[in-house]
Amino acid sequence: MTTDTEEPTLTVDELAARAGVTVRTVRFYSSKGLLPPPVIGPRRVGHYSQEHLARLALIEELQRQGMTLAAIERHLQQLPADLSAQDLALHRAVVASWAPDAAEDATREELERRAGRPLGEEDLERLVAMNIIERAEGASGTAHSSGSPAAPDSSGSPAAPDSFRVDPALLALGVQLLDVPLAHESILAARGVLLEHSRAAARELSALLREAVGEHESVAAVKSLSAHMQPLVVQALLTTFQRSLKAELREWLKES
């Protein structure tokens, strides 16, 4: 099924699989008012949009941050009602940046279910090149991105063939980039630009923070200030970058 704008929709089973949760979880969130109701189609089947998927991903991220359902409900109520899936994904990216880096183990079947599409060998290699997944040694194709042997799992056994380490915060972005009509080299070059300038900004901001705190503050005080400032800085960087990019695009389109 598609919406009036030809956007494909998802059944509750497809929504749960794409988000990596159970159908019961989706229905629980709906019963609590955290997810808006689906569009009811023929045969009384509920159809969910990409906004539902993005909102569900945000809810899961907020839970990983340790927020209670009541706190999540208050948080969601403060968001504008007309946010698109892209807006929600940006908001989730800001929230996810507050947490330590995390990766999850996934089989190829689980990876494709999370991606919402089959992934060919070329797709997997592009995701590896973007550092969104790492491929265990012995899996189909080449070794993982670091080129070193796959690390054992928590039991001490070598990673199973066709298994991956996945960055869940970046997987949806990486899957979308697979369909962007740009050469793979251009996407990797853009990633390099973002990494270079974000690291430079982080170094300069850290220097400012060290100067502001002074040498006599305790380690605990520095950590407390850093924890307080990090989400504010990330949100400011994201907003500034969005506005700068829009300005550059306007100038480019004006010249063309």
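Because the structure is a prediction, the values reported are computed rather than measured.
- The pair Lys246-Glu251 fails the salt-bridge criterion, with no side-chain N (NZ, NE, NH1 or NH2) lying under 4.0 Å from an Asp/Glu carboxylate O.
- Residue pairs satisfying the salt bridge (Lys or Arg N to Asp or Glu O under 4.0 Å) criterion with at least one member in residues 17-27, sequence neighbours excluded, are absent.
- Arg55 has no carboxylate O lying under 4.0 Å from a charged side-chain N of Glu61, or vice versa, which leaves the two without a salt bridge.
- Within the 4.5 Å cutoff, no side-chain heavy atoms of Leu177 are placed close to those of Leu182.
- Under a 3.5 Å cut-off, the side chain of Asp179 and the backbone N or O of Gln176 do not form any donor-acceptor pair.
- Exactly one of Val23, Leu69, Leu35 qualifies for a side chain to side chain contact (heavy atoms under 4.5 Å, CB included) with Phe28. That residue is Leu69.
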Working for side chain to side chain contact (heavy atoms under 4.5 Å, CB included), residues Phe164 and Arg108: CA-CA 7 Å; Phe164 304 85; Arg108 178 150 181 180; 3.9 Å; yes
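- For the pair Val12 and Tyr48, the minimum side-chain heavy-atom distance is below 4.5 Å.
- In this structure, the side chains of His75 and Leu62 come closer than 4.5 Å at one or more pairs of heavy atoms.
- Arg74 is not listed as a side-chain neighbour of Met67, based on a closest heavy-atom distance of 4.5 Å or more.
- Looking at Ser206, its side chain does come within 3.5 Å of a backbone N or O of Ala202 through a donor-acceptor pair.
- In this structure the side chain of Glu185 never reaches within 4.5 angstrom of the side chain of Leu188, judged on heavy atoms.
- The side-chain heavy atoms of Leu111 and Thr107, taken from C-beta on, include no pair separated by under 4.5 Å.
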Full working for side chain to side chain contact (heavy atoms under 4.5 Å, CB included) between Glu73 and Thr68: CA-CA 9 Å; Glu73 182 178 10; Thr68 65; over 6 Å; no
Criterion side chain to side chain contact (heavy atoms under 4.5 Å, CB included) on Leu56 and Leu15, from CA distance to verdict: CA-CA 9 Å; Leu56 183 53; Leu15 176 68; 4.0 Å; yes
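- A distance-only check finds a donor-acceptor pair linking the side chain of His52 to the backbone of Pro36 [under 3.5 Å].
- The neighbour count for Gln63 CD, taken as heavy atoms of other residues, nucleotides or ligands under 6.0 Å away, is above 12.
- Just one residue in the list Ile133, Val166, Asp167 forms a side chain to side chain contact (heavy atoms under 4.5 Å, CB included) with Leu127, and that residue is Ile133.
- Residues Arg135 and Glu125 have side chains in contact (heavy-atom distance under 4.5 Å, counting atoms from C-beta outward).
- Looking at heavy atoms from C-beta onward, Thr25 lies in side-chain contact with Glu60 at the 4.5 angstrom threshold.
- With hydrogens and angles disregarded, a donor-acceptor distance shorter than 3.5 Å links the side chain of Ser198 to the backbone of Leu194.
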